[in-house]
Amino acid sequence: MKNYMLTGADGRPYTSPIKGTWGGHRGGKIYGRLDCPAALRAIARGGYAKNRLFFFDEATALAAGYRPCGACCKDRHQAWKKTTTAGPST
């Protein structure tokens with residue numbers, strides 16, 4: 001049986017027999033869909049993959065302190081921006 005490395009709500013990695021449904025970037029603390037065009041472009045350019053991580057679900061990504069991607073989760077990202085006092089630029 002294959003195991004997958006996922007990130008938990010505490011931000012720590014763990015192994016799971018179930019594949020994650022959301023991807024993230026450790027450096028930017030961003031999460032998004034696995035088929036996100038922006039993430040796929042970054043992976044193709046190289047360098048992104050070493051900071052890539054995976055979450056079981058969206059709730060776990062949020063609990064770990066990651067924000068929604070502005071490219072593939074526009075509605076979620078807009079809602080997140082409205083709740084953030086820092087006023088993110090993306």
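Here the structure is a predicted model, which is why all the values come from computation and not from measurement.
- Listed here is the closest heavy atom pair of A71 and A38: CB-CB, 3.8 Å.
- In terms of heavy-atom proximity, G32 sits nearest to C69 at CA-CB, 4.2 Å.
- Distance CZ/R76 to CG/L62: 9.0 Å, rounded to 0.5 Å.
- Between the CE atom of M5 and the OH atom of Y14 there is a distance of 10.5 Å, given to the nearest 0.5 Å.
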Next item on the list: Given side chain to side chain contact (heavy atoms under 4.5 Å, CB included), test I18 with F56 step by step and report yes or no.
Entry: CA-CA 8 Å; I18 301 169; F56 176 71; 3.6 Å; yes
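- Here the CG-CH2 distance, from L34 to W22, works out to 8.5 Å after rounding to the nearest 0.5 Å.
- Note: K29 NZ to R67 CZ = 11.5 Å, rounded to the nearest 0.5 Å.
- Taking OG1 of T21 as the start and CD of E58 as the end, the distance is 8.5 Å to the nearest 0.5 Å.
- Interatomic distance, CG of N51 versus CD1 of I43, reported as 11.0 Å (0.5 Å rounding).
- With a 4.5 Å cut-off on side-chain heavy atoms, Y31 and P68 count as touching.
- Summarising the local packing, CZ of F55 is surrounded by more than 12 heavy atoms from other residues, nucleotides or ligands at distances under 6.0 Å.
- Of all heavy-atom pairs spanning G8 and T60, the tightest one is C-CG2, 3.6 Å.
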Next item on the list: Any chance you could lay out the side chain to side chain contact (heavy atoms under 4.5 Å, CB included) test for R52 and F54, step after step, and finish with the verdict?
Entry: CA-CA 7 Å; R52 185 112 161 122; F54 300 92; 3.8 Å; yes
